[in-house]
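Before any comments, here is the structure.
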Amino acid sequence: MLKKIIATISDPRLARHRYYLLFLSVVLVAGLAWFGHSSGTKAAKPLYWVSSMDPNYRSDQPGKCPHGMDLIPVYAEDTKADTARATGIVKINPAVQNQLGVRKAKIARGILKQHLRAQGRVVADPTLITQITPRTPGWVDILFVSSEGETVKRGQPLFSFYSPQLIEAQEQFLAASKQGEAQKLRAEGHLKALMMDELAIETLKKQGVAQRSVVFHAPKDGVVDMLKIRENAYFTPGQMIMAVGSMERVWALLDIYASQTHLIKPRQSISLTAASFPGKIWDGEVDAIAPDLDPKSRTLRLRVNLANPNMQLRPNILMEGLITLPQRKPALLVNRQAIIQVEKLNKLVLDLGDNTFKSVAVVLGESNSELVEVLEGVEEGDVIVTSAHFLIDSESSKSSDLKRMEAAPKIEAAPKYPPTWVGASITELFPNERKIQLEHEAIDAWKMPGMTMNFKLKEGIDVQNYTVGQKVRVKIIDGSPLFQVIELEPGEQPFNEPQPGGAQPVETTQ
């Protein structure tokens, strides 16, 4: 055909139209070339369409999902591509990525900053508490404070105390004051030994008359920590009347979880806040750590000494502590939101370039509220997806080789309650419920003391010939919700036979 076009252009009879024919020929050849190229190129077709709201919803044709959103096409990697590289790879059109809101971030190495939060309350410093105890018998005439927790100032009256011995000691002091300085000092020392305070002694000196009811005053500024008196009550020597605690310094007792105990050391810096004082921060350090965990809450208690010059902090005010942990070594850091957790597997979605993505398994380290360390699975400079990654992961995981990166199988520990024989006495029978109540001996293999408890009977065990009070030997195993009797026989045979192979149970806290 090209030869015919050239011959036509060369015909002398068409010389006048040669330029027009040449132009038309060029256009015709270009059109044929474009048509041939287009017909030889096949447009990529989606494998299927999925919902952006529900990755499990699929359709073999475009449209809308049950949520009313447009379905999104999903394309497969070219089947002629390297199969090793293509395993689990998903290709997504850039327009679709924009529609999904795909966001990416580059993995960088950095230092994870960690803080530990602890909750607690304010208590009075027990080393600053003064106990007020009379050393003579007597009665409380007037009580000037009403309840525990009341704030008192130094020299403030607390109570008046009537005691015949105190009256006699005052009269001896007045008589000694007329005899000489030595006798006066000796008598004054006797008054102090009977817990008569300086203010009361000064009043005695000024008035020159023995006081029927001696007033006891607060020895310091503080809070009434304990109050065990009422007006007209009688007390004997050594019986504590009240206690006054100074609030110039207080303790903050904070609790942390047992799993965090390895992170805490004495003298670590801590900042404390209280909801009662917004914006106020108390800086201190961990002064002491309890030697053991609280048996009920399974928490560890910390103590922080705080200066309290304005007496803002009162006992039982709730406080929150922020403890700065030691600086860690540099590691690969990613945003916590980028992590996909499926049972015991942690994954990230990698951007491989050219609009392709793949899910990979990773091993995580320590974390804080924003970032997490990645120990294995990715490298510095890799680009990961931080938004819309769940949809991409659902497609990638169908053919991905994530199993190659799973951790090696763990060796199972010995059973907590292996089968064992034990001697027992029948205390009650429940034939219809297939249960039996036994008072069994101590089970050494289970580290369990002797006790009375219910057991489930294995199918096939007949208890019609057994009676309450009968001695038996039973072979028992773990069960849910009750331990189970799998063998039952009468007799007084030895108890607690050794386990086959010498296997011992794992000790647990019940």
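These numbers were taken from a predicted model, which means no experiment stands behind them. Side-chain atoms are counted along with the backbone in the values below, which use heavy atoms only and exclude waters and symmetry mates.
- Remark: the backbone N or O of I107 is not paired with any side-chain donor or acceptor of D382 at under 3.5 angstrom.
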TODO: Could you go through the side-chain contact (heavy atoms from CB on, under 4.5 Å) check for T427 and L438 one step at a time?
DONE: CA-CA 5 Å; T427 56; L438 300 173; 5.7 Å; no
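- Within the 3.5 Å criterion, the main-chain N or O of L227 finds a donor-acceptor partner in the side chain of E148.
- With sequence neighbours excluded, the residues forming a salt bridge (Lys or Arg N to Asp or Glu O under 4.0 Å) with K104 are D351, listed by chain and number.
- In this structure, F483 CZ and D478 CG are separated by 5.0 Å, a value rounded to the nearest 0.5 Å.
- Scored by the side chain to side chain donor-acceptor pair (under 3.5 Å) test, R314 finds T151 as partners (sequence neighbours excluded).
- Atoms CG and CD1, from L488 and I426 in turn, are 6.0 Å apart once rounded to the nearest 0.5 Å.
- Listed here is the closest heavy atom pair of V349 and S359: CG2-OG, 3.7 Å.
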Task: Test side-chain contact (heavy atoms from CB on, under 4.5 Å) applied to M242 and M240, step by step - done: CA-CA 6 Å; M242 67 169 58; M240 188 174 64; over 6 Å; no
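- A 6.0 Å sphere centred on CD of E150 holds more than 12 heavy atoms belonging to other residues, nucleotides or ligands.
- Counting heavy atoms from C-beta on, the side chains of I339 and L348 come closer than 4.5 Å.
- Within the 4.5 Å cutoff, the side chain of N335 has no heavy atoms near those of the E370 side chain.
- In this structure, CD on Q114 lies 7.0 Å from OG on S367, to the nearest 0.5 angstrom.
- In plain terms, the two heavy atoms of N305 and R303 that are nearest each other are OD1-NE, 3.9 Å.
- In this structure, the separation between CE on M247 and CG on D225 is 9.0 Å, given to the nearest 0.5 Å.
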Open item on the list: Assess the residue pair Y466 and V472 against the criterion (side-chain contact (heavy atoms from CB on, under 4.5 Å)); give the C-alpha distance rounded to whole Å, side-chain angles, the decisive distance to 0.1 Å, and a yes or no.
Closed with: CA-CA 9 Å; Y466 292 87; V472 294; 3.8 Å; yes
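- Side chains of I443 and I476 form a contact here, defined as non-hydrogen atoms less than 4.5 Å apart.
- For the atom pair OG1 (T356) and NZ (K91), the distance works out to 7.5 Å, reported to the nearest 0.5 Å.
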- [ ] Show your reasoning for whether side chain to side chain donor-acceptor pair (under 3.5 Å) applies to N454 and Q437.
- [x] CA-CA 4 Å; N454 293 334; Q437 188 180 87; 3.2 Å; yes
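- Note on residues 241-269: pairs passing salt bridge (Lys or Arg N to Asp or Glu O under 4.0 Å), not counting sequence neighbours, are D255-R301, R267-E285, R267-D287.
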Pairs under 3.5 angstrom only: tabulate donor-acceptor contacts from the side chains of residues 315-325 to other protein residues two or more places apart or in another chain.
{"from": "N316", "atom 1": "OD1", "to": "R121", "atom 2": "NH1", "distance (Å)": "2.8"}
{"from": "E320", "atom 1": "OE1", "to": "R117", "atom 2": "NH1", "distance (Å)": "3.2"}
{"from": "E320", "atom 1": "OE2", "to": "Q119", "atom 2": "NE2", "distance (Å)": "2.8"}

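- Residue pairs satisfying the salt bridge (Lys or Arg N to Asp or Glu O under 4.0 Å) criterion with at least one member in residues 417-440, sequence neighbours excluded, are listed as follows: E433-K435.
- Residues N308 and V122 fail the side-chain proximity criterion, which asks for heavy atoms closer than 4.5 Å.
- K458 NZ: 12 or fewer foreign heavy atoms inside a 6.0 Å radius.
- Checking side-chain atoms of K220 against main-chain N and O of L128 turns up a donor-acceptor pair under 3.5 Å.
- The heavy-atom pair separating L158 from I132 by the smallest distance is CD1-CD1, 3.4 Å.
- When every heavy atom of K106 is checked against every heavy atom of G381, the shortest pair comes out as CG-O, 3.6 Å.
- The main-chain N or O of H217 is never found under 3.5 Å from a side-chain atom of R154 such that the two would form a donor-acceptor pair.
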- [ ] I would like to know whether V102 and T386 meet side-chain contact (heavy atoms from CB on, under 4.5 Å); could you show each step before the answer?
- [x] CA-CA 7 Å; V102 175; T386 60; over 6 Å; no
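- Side chain of N98 to main chain of A95: no donor-acceptor pair is present (N/O by atom type, distance under 3.5 Å, no hydrogens or angles).
- Nearest approach of V286 to V304, heavy atoms of both residues: CA-CG2, 4.4 Å.
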TODO: Report the C-alpha distance between S271 and D283 in whole Å, list the side-chain angles of each, state the deciding distance to 0.1 Å, and finish with yes or no for side chain to side chain donor-acceptor pair (under 3.5 Å).
DONE: CA-CA 5 Å; S271 299; D283 293 323; 3.1 Å; yes
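- Scanning for side chain to side chain donor-acceptor pair (under 3.5 Å) contacts around T133 gives an empty result, with sequence neighbours left out.
- With sequence neighbours left out, the side chain to side chain donor-acceptor pair (under 3.5 Å) criterion links H440 to no other residue.
- Looking only at side-chain heavy atoms (C-beta outward), N346 and V362 come within less than 4.5 Å of each other.
- With hydrogens and angles disregarded, a donor-acceptor distance shorter than 3.5 Å links the side chain of Q156 to the backbone of K153.
- Side-chain contact check for I256 versus L263: every heavy-atom pair is 4.5 Å or farther apart.
- When the side-chain contact (heavy atoms from CB on, under 4.5 Å) test is applied to Q61, the partners found at least two apart in sequence or on another chain are S59.
- A338 and I384 get closest at one heavy-atom pair: CB-CD1, 4.0 Å.
- Each ring-ring contact (aromatic ring centres under 6.0 Å, His included) pair with one or both residues in residues 285-307, not counting sequence neighbours, would appear here, but there are none.
- By the ring-ring contact (aromatic ring centres under 6.0 Å, His included) test, W282 pairs with F277, sequence neighbours left out.
- In this structure, the side chain of E366 does not engage the main chain of E373 through any donor-acceptor pair within 3.5 Å.
- With a 6.0 Å radius and a threshold of 12 heavy atoms from other residues, nucleotides or ligands, Y257 has its OH atom at or below the threshold.
- When the salt bridge (Lys or Arg N to Asp or Glu O under 4.0 Å) test is applied to E380, the partners found at least two apart in sequence or on another chain are R109.
- Taken to the nearest 0.5 Å, the CG atom of L332 stands 11.0 Å off from the CD atom of E376.
- A search for side chain to side chain donor-acceptor pair (under 3.5 Å) contacts involving Q268 returns nothing, not counting sequence neighbours.
- Proximity of a side-chain donor or acceptor of T273 to a complementary backbone N or O of I281 within less than 3.5 Å is not detected.
- A donor-acceptor distance shorter than 3.5 angstrom exists from the side chain of D294 to the backbone of K296, with no hydrogens or angles considered.
- Two residues are said to be in side-chain contact when any heavy atoms from C-beta on lie closer than 4.5 Å; L350 and F357 fail this criterion.
- T420 and K475 are not linked by any side-chain donor-acceptor pair at a separation below 3.5 angstrom, with hydrogens and angles left out of the test.
- No side-chain heavy atom of V152 sits less than 4.5 Å from a side-chain heavy atom of D221.
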